[in-house]
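Only heavy atoms go into these numbers, but all of them, side chains included; no hydrogens, no water, no symmetry mates. Letters A, B, ... mirror the listed sequences (proteins, then strands); counts begin at 1.
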Number of protein chains: 4
Amino acid sequence: MTDQPVRNRPGRKRSAASRDAILAATLELIAEVGYAGLTIEGIAARSGAGKQTVYRWWPSKADVLLEALATKADVIVPVPDRGSLVADLREFLVDTFALGAKQPVGDTLRALMAQAQVDPAFGDRFREDFLLRRREVLGRLIDRAGDRGELPAGVSRETLIDVVFGTLWYRLLATRAPLGPELADELVALIARA
Amino acid sequence: MTDQPVRNRPGRKRSAASRDAILAATLELIAEVGYAGLTIEGIAARSGAGKQTVYRWWPSKADVLLEALATKADVIVPVPDRGSLVADLREFLVDTFALGAKQPVGDTLRALMAQAQVDPAFGDRFREDFLLRRREVLGRLIDRAGDRGELPAGVSRETLIDVVFGTLWYRLLATRAPLGPELADELVALIARA
Amino acid sequence: MTDQPVRNRPGRKRSAASRDAILAATLELIAEVGYAGLTIEGIAARSGAGKQTVYRWWPSKADVLLEALATKADVIVPVPDRGSLVADLREFLVDTFALGAKQPVGDTLRALMAQAQVDPAFGDRFREDFLLRRREVLGRLIDRAGDRGELPAGVSRETLIDVVFGTLWYRLLATRAPLGPELADELVALIARA
Amino acid sequence: MTDQPVRNRPGRKRSAASRDAILAATLELIAEVGYAGLTIEGIAARSGAGKQTVYRWWPSKADVLLEALATKADVIVPVPDRGSLVADLREFLVDTFALGAKQPVGDTLRALMAQAQVDPAFGDRFREDFLLRRREVLGRLIDRAGDRGELPAGVSRETLIDVVFGTLWYRLLATRAPLGPELADELVALIARA
DNA sequence: AACTAAACGAGACGGTACGTCGTGTCTTTCG
DNA sequence: CGAAAGACACGACGTACCGTCTCGTTTAGTT
């Protein structure tokens, strides 16, 4: 995720043990002290690595966390074609909500989105490496519905995606209301009915 | 915003001059150095106040910023009844988008939402003092539409609000795509058509 | 000790209750938290007085302490004439050591001497109001011995005083060895034998 | 003075440049602003070191000052045997007084003795690292005189040391009278005559 | 096998900001 | 009008992390 070596440089190779220990320590710490209490100093201490080793491979604590998250829950899951927008969208939403409703995952996502606001460079990486990949999945689903003529008029593909993810993120970030299947049903109703 | 004394306590009264200088300095600094570069130390120095004075009245820099924002753009604006959901909602969205599209306001909102994720106590205050007030305004508009029978079936009042604000915030936080009248039209189409 | 009124000024008179409460609180606090932990803030809080009231009457916490000490143990005690330097000096030393050996008195004296080094203005007041008065008492005793021809040659009156008080203070400040009658005997021996 | 390395610990070594800069800055500052005006903040700023670096190696500003003093005037100077108590003691006193009469040295000593009263832990270090070493030097001189039978009866070795240093310190701390060779003569007379 | 290069743990370094404490001044209200 | 209460500007405190920089050690190629 951080580099594509290919070559054959001399010198000691990157230690997979360190990498794993760092990512594991990060996940432990985020659960124990929260994102605000997470520090590179703490990650290094907990993992038994030196600070330099962390800085060598990740530009910020948010990037460590992003990679740690990726090791847990992979971001790209193909969506099988269930034959209709209603069925496809419902399945996608129920799966996605289930993931976000898991406490540690939801907390991490909130922290990363927060950091993306404060650190623009990380924001770009977060968009690229996470948000856009998720949009693509939903996008393919919507394109299939478009081919079937199931989409509402007057609303662009991109805006539809914004509405779906917007509602999801708004619940996560703002109201912190539960993400359940009822919300999935309502969103499906809103989009399919239009 | 912090207290409603009514009191007759002895002792020197809170200095309005200090309060104003602090809020003004905060707005200057957020424009100059951004939220990440904003510090209580810096606010105190720029405003000519002591750090203690800031800490006495606000629990965090985000709270200062929230109050500073409130002095600039008041949060509650009544929405006149234009006779139909389409007209009401479009006007509300265009006005709201126009505010959020202003660079300093949008930046500040993003920073506050970010901080709300990281600092749960501030999160509660932000919800209470800002987010819920905005929801109320939209809620009244939707209730009027409900009375007229203009609302889509199968979607609750709260979820409708989530969809509208969710899309708005998602654009602000995630895609950073422009908030223009076209988006307003699409949202109106989606909701009114359903 | 700080002022000699005589006057007929208008306005409310100085509150003796406040003065006493402040001095009493000071003695309590010095015992509880030591000189370093003693603050004007704390004295005011403990005594129920306002900080301003303390500042109005004493220039520093050391001055409060000096006056509090004076209320406890009066500084000038006449020394009866026992007929010889040996007897006079021994009595003076035993009495003086007994006072300094009392834990709170010794601690306070050490603190005041320390403060006198750090704050030159207080140093002058301490010398004037305390140290010189003590020297005078010993000086009179030595003068009587001089009249009797009991003093060693080659050592001035002032230097003799320096030697006696120097040894006393050095034990207090530096070695913190006990101040007992044996030391009195040795000093008497040294001076009378010479 | 703070540690006995010998070690083979990993990690970057202590920077001698920082140490020297800190001690030098301390001596400059004590001359410019006095002990009360001396702050760790100021020492760090003047020396170009970080505050943490100062705190890492010294527990208080007094300890920095003590070590800075030790780099300037070494504390242990052997006293040559001049053949008699009178000669030895006079030389010791004249040398010692000359040192203490130097304005910055005297000021620093006064400040350290003051701090030793206020901060008991530093008091122990001051006694151990400075006062006792000086006592040893004088002690050896007195032991030589004892071997020659030159000491007054009825006065212990330790008390003799107390008398000499007591008089010296009392002049420094209390009367602030000059430390000149006349005082040396008088002390020699007092002790040798007894 | 010797050499070179990089990664590693450890930890000191110059910094910045933190949140708190005490100072001495001021303003307000009460008795 | 004195004295309480308490807000204020100021400045230093000691701490926590930041991100960088040596150290000495370990691990891989490359000669």
Side-chain angles (χ1 to χ4, degrees), chain A residues 7-15 17-19 21 37-45 47-57 59-61, chain B residues 7-15 17-19 21 37-45 47-57 59-61, chain C residues 9-15 17-18 37-45 47-57 59-61, chain D residues 7-15 17-19 21 37-45 47-57 59-61:
Chain A
R7 43 60 166 280
N8 240 355
R9 285 188 300 144
R12 187 173 176 174
K13 282 189 182 131
R14 177 172 183 183
S15 156
S18 281
R19 193 195 96 112
L38 187 69
T39 64
I40 294 214
E41 200 109 8
I43 292 171
S47 67
K51 277 165 61 175
Q52 192 66 262
T53 302
V54 183
Y55 281 112
R56 190 161 13 232
W57 301 110
S60 77
K61 68 171 178 174
Chain B
R7 50 67 175 258
N8 234 350
R9 285 191 297 145
R12 185 172 177 173
K13 285 195 184 119
R14 176 170 184 184
S15 158
S18 282
R19 193 195 96 113
L38 187 69
T39 64
I40 296 216
E41 198 113 8
I43 292 171
S47 68
K51 277 165 60 174
Q52 193 69 259
T53 302
V54 183
Y55 280 112
R56 193 166 4 241
W57 300 110
S60 76
K61 69 172 178 174
Chain C
R9 285 190 294 143
R12 186 170 171 177
K13 285 198 186 111
R14 176 173 184 183
S15 156
S18 281
L38 188 69
T39 63
I40 296 218
E41 199 107 11
I43 293 171
S47 67
K51 276 165 58 177
Q52 194 65 258
T53 304
V54 183
Y55 281 112
R56 185 155 24 229
W57 300 109
S60 76
K61 68 172 177 174
Chain D
R7 49 71 177 254
N8 227 354
R9 282 192 301 143
R12 187 172 175 173
K13 284 189 185 128
R14 177 172 183 183
S15 157
S18 281
R19 193 197 96 113
L38 188 69
T39 63
I40 296 218
E41 199 114 7
I43 292 171
S47 67
K51 277 165 62 173
Q52 194 67 258
T53 301
V54 183
Y55 282 111
R56 190 161 15 233
W57 300 110
S60 74
K61 69 172 178 174

Does the ring of A:Trp57 carry A:Arg14 above it, NZ/CZ under 6.0 angstrom from centre and within 45° of its axis? yes
Contact between C:Thr53 and C:Arg56 at the side-chain level, heavy atoms closer than 4.5 Å - yes or no? yes
Measure the spacing between CD1 of D:Ile43 and NZ of D:Lys61 and express it to the nearest 0.5 Å. 8.0 Å
Among F:dA3, E:dC13, F:dA9, which is the nearest nucleotide to the side chain of B:Thr53? F:dA9
At less than 4.0 Å, is any side-chain N or O atom of D:Trp57 found next to OP1 or OP2 of E:dC13? Yes or no. yes
In whole Å, what is the span from the CZ atom of B:Arg14 to the C1' atom of F:dA5? 18 Å
Using a 4.0 Å cut-off on protein heavy atoms (strictly under), produce a 5'-to-3' string for nucleotides 22-29 of chain E with B for base contact, S for backbone-only sugar-phosphate contact, and - for none. SBBBBBBS
C:Thr39 and C:Gly42: which non-hydrogen atoms are nearest, and at how many Å? OG1-N, 2.8 Å
Could you state the CD1-P distance from A:Ile43 to F:dC18, rounded to the nearest angstrom? 8 Å
Any base atoms under 4.0 Å from C:Ala49, or only sugar-phosphate, or nothing? Heavy atoms, all strands. sugar-phosphate
Give a yes/no on whether any side-chain N or O of D:Ser18 is located under 4.0 angstrom from OP1 or OP2 of E:dA12. no
Hey, does the side chain of A:Lys51 reach the backbone of A:Ile40 with a donor-acceptor pair shorter than 3.5 angstrom? no
What residues, two or more places apart in sequence or in another chain, satisfy side-chain contact (heavy atoms from CB on, under 4.5 Å) together with B:Ser15? B:Ala17, B:Ser18
Here DNA chain E, pairs taken as Watson-Crick or G-U under 3.5 Å and shown with ( ), [ ] when crossing and | when to another strand, reads |||||||||||||||||||||||||||||||
Of all the heavy-atom pairs spanning D:Ala44 and D:Gly50, show the shortest one and how long it is. CB-C, 4.0 Å
